[in-house]
Every structure is written in C-alpha cells, then in structure tokens.
Amino acid sequence: MSLSSICCGNFHLLRNSIGDTCSIRWLKYHSRLIYETFLSSRRHQSRPLSTTVLARSTRKGSKQSFSNSRHLHGKSVESSIEVFKQSELEQLKSLHCYNVEEEFSGVKTEWPATILVFDIETTGFSRREDRIIEFAVRDLMGGKNSTFQTLINPEKEVRNAYVHGISNSMLCRPDVPRFGELVPILLQYVWSRQMDGKPVLWVAHNGRSFDVPFLIFEFRRCKLEMPGDWLFVDTLPIARQLVDSDGSKLSSVSLKNLRERYNIPLTGSAHRAMQDVTTLCYVLQKLTFELKLTVPQLLEKSFQASDLPATRAEK
DNA sequence: GGCCCTCTTTAGGGCCTT
C-alpha cells in the first residue's frame, strides 16, 4: 500500500470536509455516558489503559474492552462551526489530489489506522507550568465531522496572546471547557472516528517534544491515562530527512518553512490550532510523497505516550 | 525537552514547539 495513494485519497476527502466540524455542544451532550463507560472499563480492567502489553495486543488487531463503546452513540454528529471563509476554501481546493488507484480500481483503501492530525496552542513552552488553551484535530479519512476544535479554559492567566491571539476573555467563559471536561468529549470524538481493532495514529509537528508531553501532563492532572491504542508520529524528524536540490539538508524544517517550500497557502491566522492542522495535513501529504514513505513505515516510526521519558518519571 | 550538528563525544549552540 502506497502512502501517496492514501494521502491523495485523504486529501480528496479533505477537500470535502473543510468547514465540516463537530459541534462541541453535541459531543458534550452525548459524552457523559461514553465517559462513564470509559471509567467503568478502567475499573473492570486490572491495569491502566496505556500499558505496553495492552498496546502491543492492540497493534496485532485485538479489540480493547472499551473499543465498542463508541457504538453506543454511533450516529453522526451535526456541524455547526464555520472554520474557513469561502475564498480560503477555494485556495485549498486547488491543492486537492485524487486517489487515482482508488478511482480506477473502485476498491476502497484498507486503512491500517485512523490518522488524526492535531495541534495545540498553549500558554507557553513548559509542559509543567503551562496549559493547553486550544485543541484542533482533523481525521485524514475526511468526510462529515472529520474535524474537531475547541478552546480550553487553562485556569490561569494567558500572557502570550500576542502569539496566537487567544486572550483571557476568550477562555474565561462558561461555554469554554476545562481540560478535564474536554476529555470525555475528546474520547467520544476519537471513538466516533476509530475503526474496530485498529489503532489511532496521532500526527503533530514536533509532537514528541511538545504536543504529546503536553497532552500527557493534562491527562495526568485529570488522573487519567491515554488509551493504549493511541500511537503518535512526529513529522519534525521526518522533515529533517528532506534535502534541497543541491543535496544539502534544509536549514529550517519549521511548519512555516515547510508550508512555503510546498507552496501551501495560509488560510487563516498562523498559530491557531486548526490552521496549523490544515497546514500540517498538506505538509504530511507532500512530505510522505517526497520521501516515498508508506503508511506501514509511518506506523513503524510511531511511539506511545509511555515511551516518552516524561511519562516515566516527574522531572 | 529532545534532537541534530560540529569548531564534538570530558560540549555547546541552534532548532522546533507556544
């Protein structure tokens, strides 16, 4: 299975899903029972959800005890949040690619994992001192409700609004959830996208050093562990494999530079989570195509939360 | 903080994330 064909398929679908975002109110309304099921399954299990043993069994395709709970509310969620302007949509449409193999064969691609590209905005760089204030994710499978985003009340002052434009007044509102309140909603979203017996592959730029540790610490503050079938891929070390036409390595592999390298238009404010997610989706497509990376190879590069030093001991 | 590179490895600077 070539990643290029899958990515082309992804972005064919992505074209149709931009602006099609889950309503957090809907998810909030339906997440309570799901969350209770999650907690219940944890109680019935004699080990945490994110143990290595459990994850290994998941990689082989076995089901986890909670994997079917998403079917309790398996109906589609409504869309209510407009993310992009029409002019911006037109720009992105110009980048769309077709899954040629799928178009000709008529056979649906067998996905080895649910691939979720995500990004966070935070109050700073310290995973211990700072908090997540925005979370956005896009399922590369595309389709209805393939994206999800929300602001998060960090319960502390935001002093870096000059970076992302997210101010205290935007976060200190009754309709903005704290991270602990978001967890059941996020789990509901992920389960609604996850395929039976297959892992979830989260993709982020510099995720290994930044996004994933932040998530781990937020889960830890809620006294929860991430599901064991959540795998992560960092696009930063992958991008470092790129070379220029003269064979030299790139001087910068920041998301901004990669976007400019691939002529990807900026469709909103940089340093807002969903904007960066959209950029990374296109960068991932171009990156894997250029490096001829397959999905299995991408999975081989994945890591688990428990693999990170930050999860093994407090520093 | 983790990773990479080099004027390196008994180290230090820069990148990348907000």
Side-chain angles (χ1 to χ4, degrees), chain A residues 116-138 149-172 176 178-179 182 202-221 231-244 246-262 264 266 268-284 286-287 291 300-315:
Chain A
L116 301 178
V117 177
F118 80 106
D119 186 56
I120 59 174
E121 301 302 320
T122 69
T123 58
F125 291 119
S126 171
R127 63 190 70 166
R128 293 174 183 78
E129 303 297 327
D130 292 305
R131 305 293 296 271
I132 297 175
I133 57 174
E134 189 177 38
F135 182 93
V137 58
R138 180 185 297 280
Q149 66 173 338
T150 182
L151 292 172
I152 301 168
N153 185 341
E155 299 180 285
K156 67 174 293 183
E157 186 179 1
V158 178
R159 295 182 176 179
N160 61 343
Y162 63 91
V163 174
H164 37 59
I166 302 172
S167 62
N168 288 299
S169 61
M170 295 166 65
L171 302 172
C172 299
V176 175
R178 297 173 178 82
F179 192 86
L182 173 65
W202 294 86
V203 181
H205 199 58
N206 201 26
R208 188 180 190 92
S209 298
F210 187 77
D211 303 76
V212 179
F214 256 95
L215 277 182
I216 292 170
F217 273 74
E218 291 285 12
F219 268 79
R220 186 175 288 170
R221 289 187 189 99
L231 306 175
F232 301 92
V233 160
D234 187 349
T235 50
L236 183 63
I238 296 174
R240 284 187 173 129
Q241 298 172 27
L242 292 171
V243 292
D244 271 329
D246 62 357
S248 63
K249 290 197 171 184
L250 304 187
S251 57
S252 169
V253 288
S254 67
L255 192 59
K256 175 178 178 291
N257 274 35
L258 292 173
R259 177 172 58 76
E260 292 172 352
R261 173 185 174 87
Y262 292 127
I264 298 167
L266 189 63
S269 303
H271 288 303
R272 284 303 297 266
M274 186 52 81
Q275 167 57 52
D276 287 351
V277 163
T278 301
T279 299
L280 185 55
C281 284
Y282 286 100
V283 165
L284 180 64
K286 299 285 188 179
L287 192 60
L291 295 173
E300 285 175 8
K301 294 178 182 295
S302 70
F303 60 91
Q304 295 176 270
S306 56
D307 294 333
L308 298 184
T311 69
R312 292 198 285 267
E314 288 282 358
K315 289 183 177 179

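Heavy-atom basis, side chains included; hydrogens, waters and symmetry copies ignored. Letters A, B, ... mirror the listed sequences (proteins, then strands); counts begin at 1.
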> Please report, rounded to the nearest Å, how far the P atom of dG1(B) is from the CZ atom of Arg208(A).
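It is 16 Å, rounded to the nearest whole Å.
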
> Contact class for Ser252(A) (heavy atom, under 4.0 Å): base, sugar-phosphate, or nothing?
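It contacts sugar-phosphate atoms only.
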
> Expressed as a whole number of angstroms, how long is the span from Ile132(A):CD1 to dT18(B):P?
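Nearest whole value for this atom pair: 12 Å.
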
> Could you tell me the separation between the CZ atom of Phe135(A) and the P atom of dT18(B), rounded to a whole number of Å?
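So the CZ-P distance, Phe135(A) to dT18(B), works out to 14 Å.
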
> In whole angstroms, how far is the P atom of dT18(B) from the CZ atom of Phe125(A)?
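Between P of dT18(B) and CZ of Phe125(A): 7 Å.
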
> Pick base, sugar-phosphate or nothing for Asp211(A), based on heavy-atom distances below 4.0 Å to the nucleic acid.
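No contact.
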
> Kindly confirm or rule out a cation-pi arrangement of Arg221(A) over Phe179(A), judged by NZ or CZ under 6.0 Å from the six-membered ring centre and within 45° of its axis?
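No.
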
> Figure out the NE2/P separation between His205(A) and dC3(B), and round it to whole Å.
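Interatomic distance, NE2 of His205(A) to P of dC3(B): 15 Å.
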
> Nearest-Å distance, CD1 (Ile216(A)) to C1' (dG1(B))?
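About 12 Å, once rounded to whole Å.
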
> In whole angstrom, what separates Arg259(A)'s CZ from dC16(B)'s P?
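So the CZ-P distance, Arg259(A) to dC16(B), works out to 14 Å.
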
> Please classify the nucleic acid contact of Asp276(A) as base, sugar-phosphate, or nothing, using heavy-atom distances under 4.0 Å.
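Result for Asp276(A) = sugar-phosphate.
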
> Any donor-acceptor pair, under 3.5 Å, between the side chain of Asn160(A) and the base of dT18(B), if you only look at N and O atoms?
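Check passes, donor-acceptor contact within cut-off.
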
> Take atom CZ of Phe217(A) and atom C1' of dT18(B), then tell me their distance rounded to the nearest Å.
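Distance, rounded to whole Å: 16 Å.
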
